[in-house]
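First the proteins, then the strands, lettered A, B, ... as listed; each starts at 1.
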2 protein chains.
Amino acid sequence: MPEPSALDPAAQAGGPGIEHGAGRGRRGPYRKSAERRRRIVDAAVEVFSEQGYRGATIRTIAARAGISPSSLLHFYATKNELLWATMTHRDSVRFTGPEHSFPDRVVGQAIANEDVPHLVRLYGVLTAEAATQDHPARGYFAGRFAVLRGQYADEFEALADAGLLRPDVDPAVAAVTVVALWDGVQLQALYDPEVIRAADVLRDYFRLVLTDPGVLATPDQLGRWWQERRPSGADVIADGDTNETL
Amino acid sequence: MPEPSALDPAAQAGGPGIEHGAGRGRRGPYRKSAERRRRIVDAAVEVFSEQGYRGATIRTIAARAGISPSSLLHFYATKNELLWATMTHRDSVRFTGPEHSFPDRVVGQAIANEDVPHLVRLYGVLTAEAATQDHPARGYFAGRFAVLRGQYADEFEALADAGLLRPDVDPAVAAVTVVALWDGVQLQALYDPEVIRAADVLRDYFRLVLTDPGVLATPDQLGRWWQERRPSGADVIADGDTNETL
DNA sequence: GTCTATACGAGGATAGAC
DNA sequence: GTCTATCCTCGTATAGAC
């Protein structure tokens with residue numbers, strides 16, 4: 001599950017729904033509502049990440065949020081809508097910066113993701129589950145994979161042009177490999193959380209394909225950089241408006 | 001989903017159930033029963049691989065097998081038991097031979113798996129879905145991952161001892177990487193069946209970690225070898241006896 | 001805005017006729 | 001051995017009281 005923060009741009013558009021203004025310090029009638037929404041989405045992240053979409057139930061999520069199922073459905077009219085709100089809910093973290101090379105950004109993102117294990121788990125479980133037919137998030141993840149492969153292929157092309165990539169490595173294959181590696185490691189981590197470190201495995205692959213592995217930052221360096229830059233705990237909840245792609 | 005044929009040994013023990021003698025040419029009252037079981041399991045492989053365990057229903061599987069749900073439950077008393085029968089149902093194919101090195105066996109198995117896309121899909125979907133809590137196959141896949149990582153680590157150790165592995169490659173990391181790569185590629189293939197070739201991606205990784213990539217067979221060579229050795233269409237259905245691990 | 005009560009359907013599993 | 005009919009549970013969703 002690479003980069004849980006890299007969501008479909010279409011998802012950010014937001015429908016013509018009501019502005020709920022979460023987190024903006026409003027005092028109006030929406031404040032309490034926003035808090036409720038937040039509690040619900042937090043509970044949904046937990047339950048979806050543990051049970052998957054099909055395994056999760058409105059009852060369980062409502063119970064975890066401390067409200068009745070009916071109240072939950074007052075805010076999110078369908079389970080599908082709640083799923084969408086949960087996936088666009090971005091307290092996710094983005095490791096980014098022009099001062100880092102592509103490989104460092106990938107490994108850095110893996111390190112940053114360690115701050116949000118619940119989101120990593122959510123995306124891992126849903127990526128896998130959504131591969132089945134008729135899953136509401138199938139189209140979303142299919143597009144995500146395609147976009148990701150394309151972006152990574154471009155990045156590897158650029159590395160090749162700069163002479164940093166071993167000449168016998170095909171950028172397209174490398175792109176598929178990095179995405180597969182990331183998802184595969186995180187799948188194993190779902191079964192065996194203690195044994196696996198995504199950042200180490202990814203870095204090891206980059207080490208093999210680069211002409212000069214010395215340009216790679218160490219996980220420790222990236223970790224320290226991240227500790228300083230890490231955003232504060234300002235979480236924002238997106239509206240639960242449904243979207244065609246879901 | 002590496003090697004769908006490498007099932008938990010415990011699964012092969014078979015409970016103290018009745019010998020149904022499928023595929024042994026019996027004429028007795030069990031012959032028709034064995035055929036029915038076969039039809040049911042074939043249908044179950046299809047439906048489970050498309051919808052996952054939770055998404056699949058007894059009704060759908062029975063309809064696909066051309067019988068009533070009750071008849072299905074006459075042979076497999078619970079959905080769980082049917083899942084177990086489906087997973088131990090081995091028309092899976094095993095690429096093996098002492099004449100091949102470990103890397104060639106892995107790539108060869110990926111090629112052999114192309115003959116049984118329905119099984120690859122089944123294991124891919126279930127591996128992913130079973131990562132959720134309370135899934136009946138969770139323990140099975142957790143053990144499978146652990147065993148696989150251990151086996152591969154041993155193989156990489158042996159390569160290292162023979163001087164065939166690049167000295168800067170950690171066998172344990174390489175083992176995790178191969179398993180992750182295999183599963184990750186097959187996950188992408190579930191979304192994009194046409195774009196991805198597991199054998200090519202795996203071979204490319206081995207190419208990077210071996211001191212002498214020249215020892216690797218080409219996918220074409222392995223494919224031809226497999227075409228000649230491929231077992232005939234003798235499929236055997238295992239009994240649907242449930243097992244503690246399920 | 002939040003709750004209780006409930007409708008409605010789907011899915012797993014059982015009973016018993018043929 | 002196969003079917004029809006049915007039970008029970010659970011999950012989504014709605015109606016309406018407070």
Side-chain angles (χ1 to χ4, degrees), chain A residues 17-18 20-22 26-40 43-44 47-48 50-86 129 132-136 239-240 242 246, chain B residues 18 20-22 26-41 43-44 47-48 50-86 129 132 134-136 240 242 246:
Chain A
I18 300 160
H20 282 275
R26 282 206 197 173
R27 286 168 304 162
Y30 293 139
R31 228 205 76 205
K32 205 169 178 184
S33 173
E35 286 175 6
R36 277 278 194 247
R37 280 176 179 266
R38 175 178 178 87
R39 290 175 60 91
I40 292 169
V47 178
F48 281 143
E50 289 167 4
Q51 320 271 352
Y53 176 73
R54 293 201 164 107
T57 72
I58 301 267
R59 286 193 215 284
T60 306
I61 296 170
R64 187 99 46 128
I67 60 173
S68 74
S70 303
S71 291
L72 190 159
L73 290 167
H74 171 72
F75 292 103
Y76 300 99
T78 69
K79 192 184 180 185
N80 214 313
E81 191 178 321
L82 177 57
L83 172 64
W84 188 241
T86 302
E129 181 188 39
T132 55
Q133 282 181 0
D134 305 326
H135 195 287
D239 271 333
T242 48
L246 241 188
Chain B
I18 300 160
H20 282 275
R26 281 206 198 171
R27 285 169 305 162
Y30 292 141
R31 228 204 74 206
K32 204 169 176 183
S33 173
E35 286 175 6
R36 277 280 194 247
R37 279 176 180 267
R38 176 182 175 84
R39 289 175 59 92
I40 292 169
V41 170
V47 178
F48 282 142
E50 290 168 4
Q51 320 270 353
Y53 176 73
R54 294 202 163 107
T57 70
I58 302 264
R59 286 170 159 82
T60 304
I61 296 171
R64 187 98 45 127
I67 61 175
S68 75
S70 303
S71 290
L72 190 159
L73 290 168
H74 172 70
F75 293 103
Y76 300 100
T78 68
K79 191 184 181 186
N80 215 314
E81 192 178 319
L82 178 57
L83 172 64
W84 188 242
T86 302
E129 182 188 39
T132 54
D134 305 327
H135 194 287
T242 48
L246 241 187

Looking only at side-chain N and O atoms, does [X] come under 4.0 Å of OP1 or OP2 in [N]?
| X | N | answer |
| --- | --- | --- |
| B:S68 | D:dC3 | yes |
| A:R54 | D:dG11 | no |
| A:R36 | C:dT2 | yes |

Whole-Å gap separating [atom2] ([N]) and [atom1] ([X]):
| X | N | atom1 | atom2 | answer |
| --- | --- | --- | --- | --- |
| A:E35 | C:dG1 | CD | P | 12 Å |
| B:L72 | D:dC3 | CG | C1' | 14 Å |
| B:I67 | D:dC3 | CD1 | P | 7 Å |
| A:I40 | C:dG1 | CD1 | C1' | 12 Å |
| B:Q51 | C:dG12 | CD | P | 12 Å |
| B:R39 | D:dG1 | CZ | P | 16 Å |
| A:I61 | D:dG11 | CD1 | P | 11 Å |

Margin query: With rounding to the nearest 0.5 angstrom, report the CG to CD distance, B:L73 to B:E81.
Written below: 9.5 Å
Next item on the list: Decide yes or no for A:T132 and B:E129: does some side-chain heavy atom of the first lie under 4.5 Å from some side-chain heavy atom of the second?
Entry: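 The answer is no; the side chains never approach within 4.5 Å.
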Item checked: Reading 5' to 3' through nucleotides 12-18 of chain D, protein heavy-atom contacts under 4.0 Å coded B for base, S for sugar-phosphate only, - for none -> BBB----
Next item on the list: With sequence neighbours excluded, tell me which residues meet ring-ring contact (aromatic ring centres under 6.0 Å, His included) with B:F48.
Entry: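 Result, ring-ring contact (aromatic ring centres under 6.0 Å, His included) vs B:F48: B:Y53.
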Margin query: Taking salt bridge (Lys or Arg N to Asp or Glu O under 4.0 Å) as the cut-off, I'd like each qualifying pair that reaches into residues 67-76 of chain A, sequence neighbours left out, listed once.
Written below: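 Of all non-adjacent pairs touching residues 67-76 of chain A, none passes salt bridge (Lys or Arg N to Asp or Glu O under 4.0 Å).
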Checklist line | Pairwise salt bridge (Lys or Arg N to Asp or Glu O under 4.0 Å) hits with a residue in residues 65-77 of chain A, at least two apart | finding: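 The answer is none; no pair qualifies.
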Which atom pairs, one a donor and one an acceptor, fall under 3.5 Å between side chains of residues 55-67 of chain B and the rest of the protein, sequence neighbours left out?
from  : atom 1 : to    : atom 2 : distance (Å)
B:T57 : OG1    : B:T60 : N      : 3.0
B:T57 : OG1    : B:T60 : OG1    : 2.7
B:R64 : NH1    : B:E46 : OE1    : 2.7
B:R64 : NH2    : B:E50 : OE1    : 3.3

